[in-house]
Amino acid sequence: MGAYPSITDITENITSIMECGKPTLLSFSAREVSDGTLFKTIEDYDPQSKALVYQLEKYYQGDPVLNPLTPWERPPIKNVFCIYGIDSKTEVGYYFAPSGKPYPDNWIITDIIYELEGSLLSRSGNSVSGKPNNSSGDGTVSYNSLSWCKNWLGPKVNITRAPQAEHDGSDLQTAMNIDHHHGDDILPNMTRVPHVKYITYYEDAESLPGWRTAVWELDKANHRNIVRTPVLMRELWLEMWHDLHPDSKSKFVTKAFRGPLRNEDCRWDYGKARCGFPEHCEYRYTFGDVHLGMSCRLRNTSANLLQQYL
């Protein structure tokens, strides 16, 4: 709401007569689109607006089950994991102008506003006023919408930032029992190393017995391809394996270590001229390997590797 000013107080006397006069610039927030203010304001410019207001009221605002344009409360299920990508260039605003052509070509986009890693940019290069988010969206959905489920976290939250790649835990960052107020975003006071992609986990420290809520933010994970990201598949598999194991002790799977779980996770360390993670991977050539990394495979003694994730 703070990014763009409200136009409610300046649009009372706007009519179609003004089309040939001095251009008037109006700004609308997302809330003013969802409540119909935008369409009611441009009724004199666009005869289709009345039909849009009718559809908005009938199929959204008047829906007896759910209005998807209003903020959602936490679903009443035991486990909620909200997972999305961040810090990609994402469209968050548009400039429109009448084109003088008949419907449906009566409006044209003259400029686009993007959010990118804590800044606002325009396609034309013009300066953009407004308060940007600390992060940007996933290339399709803005960060404000993606991060709404942070509101579902409890009053105390554990935050962990870990590299997406396999790691030994030495560069893990944690903040435990952080106070969280409903409606406020949670901003971790953690550093970032250039060119390193992280996963930031927000997990309930205190929640209803038997219920869990977690938010995962994956750096540079694209909206359309996130379900095919190997890192996400690894984390989901570990979480499910942990939850189903009868000997699991913690509420969430530990983030302290991410070693190789498959032969494909082993790689060749060219700096040390050996396989990376030598305690878990070894060089074992098999006919058909075409490079050194393919010949790095899990040791036969790594069968108990999963036990440390309980």
Validation row, ring centre Trp241 to ring centre Tyr309 under 6.0 Å: no
Is the distance between the ring centroids of Tyr198 and His167 less than 6.0 Å? no
Flag if over 12 foreign heavy atoms under 6.0 Å of [atom1], [X]:
X	atom1	value
Tyr95	OH	no
Trp237	CH2	yes
Asn189	CG	no

Between Gln61 and Ser34, does the side chain to side chain contact (heavy atoms under 4.5 Å, CB included) criterion hold? Intermediate values first, please. CA-CA 9 Å; Gln61 297 171 354; Ser34 63; over 6 Å; no
Compare all side-chain heavy atoms of [X] with those of [Y] and state whether any distance is below 4.5 angstrom.
X	Y	answer
Cys275	His280	no
Ile178	Asn158	no
Asp46	Asn106	yes
Ile86	Leu218	no
Ile113	Glu91	no
Ile226	Leu232	yes
Thr90	Thr140	no
Met190	Ile159	yes

Between the side chains of [Y] and [X], is the shortest nitrogen-to-carboxylate-oxygen separation below 4.0 Å, so that they form an ion pair?
X	Y	answer
Lys220	Glu117	yes
Asp289	Arg297	yes
Arg224	Asp138	no
Arg212	Glu239	yes
Arg161	Glu217	no
Arg258	Glu166	no

Starting from the C-alpha separation in whole Å, work towards a yes-or-no answer on side chain to side chain contact (heavy atoms under 4.5 Å, CB included) for Thr200 and Thr160. CA-CA 6 Å; Thr200 305; Thr160 305; over 6 Å; no
Closest non-hydrogen atom pair between [X] and [Y], with its separation:
X	Y	value
Val196	Asp219	O-OD2, 4.2 Å
Gly154	Val157	O-CG2, 3.7 Å
Tyr143	Asp185	CE2-OD2, 3.8 Å
Met294	Val290	SD-CG2, 3.3 Å
Asn126	Ser124	ND2-OG, 2.9 Å
Tyr283	Ser295	CE1-CB, 3.3 Å

Would [X] end up clustered with [Y] when hydrophobic side chains under 4.5 Å apart are linked, directly or stepwise?
X	Y	result
Tyr84	Phe81	no
Phe252	Tyr201	yes
Val53	Leu56	yes
Phe257	Leu238	yes
Trp107	Ile109	yes

Could you please spell out the steps behind the side-chain hydrogen bond (donor to acceptor under 3.5 Å, both in side chains) verdict for Ser142 and Asn144? CA-CA 6 Å; Ser142 67; Asn144 265 345; 5.7 Å; no
Taking only residues two or more places apart in sequence or in another chain, which ones pass side-chain contact (heavy atoms from CB on, under 4.5 Å) with Pro278? Arg274
Set of side-chain contact (heavy atoms from CB on, under 4.5 Å) partners for Asp269, sequence neighbours left out: Lys272
Gap between atom CG of Leu120 and atom NZ of Lys131 - 0.5 Å precision: 11.5 Å
Which value, rounded to the nearest 0.5 Å, describes the distance between Gln173 atom CD and Arg192 atom CZ? 9.0 Å
Could you note down all residue pairs passing ring-ring contact (aromatic ring centres under 6.0 Å, His included) where residues 47-67 supplies at least one of them, sequence neighbours left out? none
Output, in order, the C-alpha distance, side-chain angles, deciding distance and verdict of side chain to side chain contact (heavy atoms under 4.5 Å, CB included) for Trp216 and Leu236. CA-CA 11 Å; Trp216 297 356; Leu236 287 176; 4.0 Å; yes
Checking His242 against Ser250: is there a side-chain donor and acceptor pair closer than 3.5 Å? yes
Taking Cys266 and Cys281, which are both Cys, do their SG atoms fall under 2.5 Å of each other? yes
